[in-house]
Amino acid sequence: MTPSVDTTWTGRSFPSVAREMLANSQLRRNVRNATNLIQSKRERVVREMSDWEQLREAGAALRAHALEHLDYYLTEFEEACIRSGGRVHWAVDSAEAQRIVLRLLREKDALEVIKIKSMTSEEIDLNSTLDGAGISAIETDLAELIIQLGEDRPSHIVVPALHKNRQQIRELFARKMNLPDLSDAPEELAAAARRYLREKFLSVPVAICGANFLIAENGAACIVESEGNGRMCLTLPRTLIAIAGIDKIIPRFQDLEVMLQTLPRSATGERMNPYNSLWTGVHQGDGPEEFHIVLLDNGRSRILADIEARPTLQCIRCAACVNACPVYHQTGGHAYDSVYSGPIGAILTPQLAEMEEGRSLPFASTLCGACYEVCPVKINIPEVLIHLRSRIVQGDVGTLGGAFGVWNLGMQAARLAFEFTVLFTSGQKLARVGQEVLVSKDGFIGWLPSIGAGWTKTRDLPSIPAQTFREWWVERLKARGRV
Amino acid sequence: MNETQSSRITILSAISHSLGERKQSPNAGWQSLPRNYRRVGVLTHDQRLQLLEERLTEYGAGVHHCVQAEIALSVARILHLRGKQILAIPVGLSAAYIPLGFDFVEGDLISFAALEKLEGAISNASLAIAETGTILLQTLPGQGPRKLSLIPDYILAIVRTCDVVESVPEAFDRILNTATLPTTFISGPSATADIEMTRIQGVHGPRSLDVLLTE
């Protein structure tokens with residue numbers, strides 16, 4: 001059951017892509033402005049909630065509980081959804097999800113589909129599949145439209161075109177929509193998108209969406225959005241196809257009262273986003289005549305087995321961790337080379353890929369803990385990062401190259417040194433002598449060979465002092481005649 | 001067995017294998033989940049209305065008040081202010097809410113293209129949430145199918161003040177029995193913040209919203 005679509009885009013490591021991104025000062029400015037703004041808005045609407053911590057507590061507990069009984073709740077959801085006229089499909093991996101969607105679209109002779117922004121659709125790279133089958137997928141979310149028209153990639157879970165500023169968007173729209181006189185006022189850009197998509201909404205007979213939540217108890221799906229493009233896609237076409245990860249389940253309708261308080265505040269810094277839609281299967285006289293839902297595993301059932309990493313699946317994709325991350329602030333989302341960026345991407349991407357891809361991502365963090373502090377479902381991301389780092393290292397040690405690699409030998413040596421005082425102190429003495437050729441006049445080391453270069457490439461290392469603290473302490477005691 | 005059926009079994013057994021034995025039943029586990037957040041409001045009737053009004057105003061929605069007997073009169077005044085003449089109404093909207101001098105079209109069964117030509121829609125609401133400035137619409141008589149509050153560029157929602165609750169959990173208590181109806185939470189006019197995180201009013205949904213609160 002290996003993922004049939006690469007979880008990463010190019011397979012390059014974080015440091016290598018990040019270096020390119022850091023050189024793009026326009027991108028960094030756009031990312032910094034946007035994340036700072038979302039963060040301050042979030043801060044304001046979170047602070048006014050006297051029960052924020054209790055809401056986080058409840059959200060974390062109910063998401064963990066849903067995962068603990070995921071098999072039960074998925075079956076309950078399936079039954080309720082079918083009872084109300086929906087049809088449920090199961091996809092082990094991306095390839096199967098693509099096949100199911102393609103088969104449904106062919107049954108409808110669809111040549112065009114309108115789409116609501118969906119990370120799951122990005123995860124299975126659905127648009128390329130549709131394109132290959134001669135079906136044109138029309139992204140209707142403003143940011144997704146910007147990405148699609150610009151043949152770009154999303155750089156943020158909630159605001160995919162966060163790396164673009166208004167001038168760049170104007171240039172793109174003017175070119176692709178043939179509107180040479182368009183100004184860069186956000187109002188005018190949004191109005192251009194409205195006109196561009198209006199006729200599609202009223203005429204295209206099939207829509208594809210994701211889901212923010214699936215409610216096991218009554219088989220309902222919930223979509224949280226702002227623009228109304230979601231409502232258009234959910235309401236007007238005759239056929240609606242939703243693709244959702246199996247982790248999207250919450251047990252009961254009432255549980256939504258927690259998530260609908262924490263998600264909008266965490267995601268966009270709003271008390272409530274403009275539109276939330278809830279529907280169950282098919283409703284006579286209102287909305288699509290056919291509703292299909294594709295439940296996607298794609299590695300999730302395996303993540304559940306690792307008890308320390310399992311909380312990864314509690315995620316509700318609000319991106320508060322992304323906005324809070326000092327590393328993301330500097331590099332933006334593309335450096336993560338994956339659909340899921342930022343701290344959550346750093347733990348989710350490699351796990352979805354069975355630790356075969358995105359292996360540099362768990363190391364792309366300072367472990368500062370800002371992500372954990374803002375997470376509305378209390379995923380302890382730093383803990384999971386450390387756990388995944390250790391899984392990667394353990395996995396490496398299992399290979400011959402890893403066992404005799406510099407890292408492992410170094411760590412083994414360090415373990416011995418920390419176990420035996422004699423080795424530790426003689427190691428210190430050895431290093432003091434050995435460093436001489438490396439220490440510059442100011443007392444710092446600016447260059448280290450081999451793996452040490454990982455540190456000195458971007459920072460200086462203070463040299464080992466002539467006397468260690470222990471040596472000084474013993475000397476001090478001697479001087480006072482205590483030894 | 002077709003592909004999706006065998007995948008269903010593959011996925012469900014992979015999950016139960018990953019999860020192993022569970023200590024509690026789903027029901028017992030759910031009952032003992034912590035819910036120490038505010039589930040009951042503390043504001044008085046007037047404070048609640050004031051908060052709702054503040055929130056709606058912040059979203060750029062219009063807020064109006066009237067007594068039950070004067071609804072039609074207020075509706076006429078609001079429509080004049082907005083310069084609206086031809087509007088959609090849902091089947092089941094009380095005749096007492098509908099003023100003379102305008103063109104109203106029952107919108108439940110008309111085409112999208114016909115709805116697109118109208119200047120707005122009038123609807124009852126199941127309830128409103130003060131803390132978040134939210135109006136809740138459901139597919140019920142007097143509110144109609146979702147397309148009514150979506151395609152025309154303007155909505156006038158009529159909310160009884162006894163249906164205004166303080167918080168989100170109180171709203172959920174009220175709609176537990178109608179939870180499977182198509183339900184839309186509307187918090188202000190359609191908006192986006194996708195361009196430089198600037199909230200811009202009016203993308204694909206109705207670009208303006210009025211709320212009439214009736215005692």
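Note: hydrogens, waters and symmetry copies are ignored here, and every other heavy atom, side chains too, is used. Residue numbers start from 1 in every chain, and the chains themselves are labelled A, B, ... in the order their sequence lines are given, proteins ahead of strands.
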If you count heavy-atom pairs under 4.5 Å with chain A, which of [options] comes out on top?
options                                : result
B:Ile11, B:Thr192, B:Ile186, B:Thr132  : B:Ile11
B:Asp153, B:Leu109, B:Leu136, B:Asp108 : B:Asp153
B:Gln201, B:Gln24, B:Arg55             : B:Arg55
B:Ala171, B:Gly188, B:Pro169           : B:Pro169
B:Thr134, B:Leu12, B:Leu19, B:Val168   : B:Leu19

Segment of [X] engaging chain B (4.5 angstrom heavy-atom cut-off):
X        : answer
A:Arg300 : neither
A:Ser203 : neither
A:Leu74  : side chain
A:Asn273 : backbone
A:Asn33  : neither
A:Glu227 : both
A:Ile246 : side chain
A:Glu48  : side chain
A:Leu142 : both
A:Leu256 : both

Give me each pair satisfying side-chain hydrogen bond (donor to acceptor under 3.5 Å, both in side chains) with a member in residues 59-68 of chain A, each pair once, sequence neighbours excluded.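 side-chain hydrogen bond (donor to acceptor under 3.5 Å, both in side chains) check on residues 59-68 of chain A returns A:His65-A:Tyr73.
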For the CG atom of A:Leu70 and the CD1 atom of A:Ile249, what is their distance to the nearest 0.5 Å?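 Separation between the atoms: 6.5 Å.
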Rounded to the nearest 0.5 Å, what separates atom CD1 in B:Ile200 from atom CG in A:Leu189?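 Rounded to the nearest 0.5 Å, the CD1-CG separation comes to 7.0 Å.
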Below 6.0 angstrom between ring centroids: does that apply to A:Phe253 and B:Phe172?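 So the answer is yes for these two rings.
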With a 3.5 Å cut-off and no angle check, do the side chains of [X] and [Y] form a donor-acceptor pair?
X       : Y       : value
B:Tyr37 : A:Glu57 : no
B:Glu54 : B:Thr57 : no
A:Glu78 : A:Trp90 : yes
B:His65 : B:Glu53 : yes

Salt bridge check: are [X] and [Y] linked by an N-O gap of less than 4.0 Å?
X        : Y        : result
A:Asp286 : B:Lys147 : no
B:Arg22  : A:Asp71  : yes
B:Glu116 : A:Arg198 : yes
B:Arg35  : A:Asp255 : yes

Below 4.5 Å from any heavy atom of chain A, which atoms of [X] appear? Answer side chain, backbone, both or neither.
X        : value
B:Ser149 : both
B:Ile151 : both
B:Pro206 : both
B:Leu33  : side chain
B:Glu58  : side chain

For chain B, which candidate among [options] shows the most heavy-atom pairs at distances under 4.5 Å?
options                               : answer
A:Gly228, A:Pro186, A:Ala190          : A:Pro186
A:Asn218, A:Ile223, A:Leu236          : A:Leu236
A:Met49, A:Gln261, A:Glu225           : A:Gln261
A:Ile215, A:Thr268, A:Leu234, A:Leu37 : A:Leu37
A:Lys164, A:Glu270, A:Arg194, A:Gln54 : A:Arg194
A:Leu162, A:Val45, A:Ile169, A:Leu202 : A:Leu202

For B:Arg160, does the CZ atom sit with more than 12 other heavy atoms under 6.0 Å from it, leaving out its own atoms?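 No, the 6.0 Å shell around CZ holds no more than 12 heavy atoms from other groups.
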Below 4.5 Å, heavy atoms only, C-beta onward: do B:Lys84 and B:Tyr154 meet side chain to side chain?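 They are in contact (side-chain heavy atoms under 4.5 Å apart), so the answer is yes.
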Exactly one of B:Leu148, B:Ile158, B:Leu137, B:Leu93 should register a side chain to side chain contact (heavy atoms under 4.5 Å, CB included) with B:Gln143. Which one does?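 Single side chain to side chain contact (heavy atoms under 4.5 Å, CB included) partner of B:Gln143 among B:Leu148, B:Ile158, B:Leu137, B:Leu93: B:Leu137.
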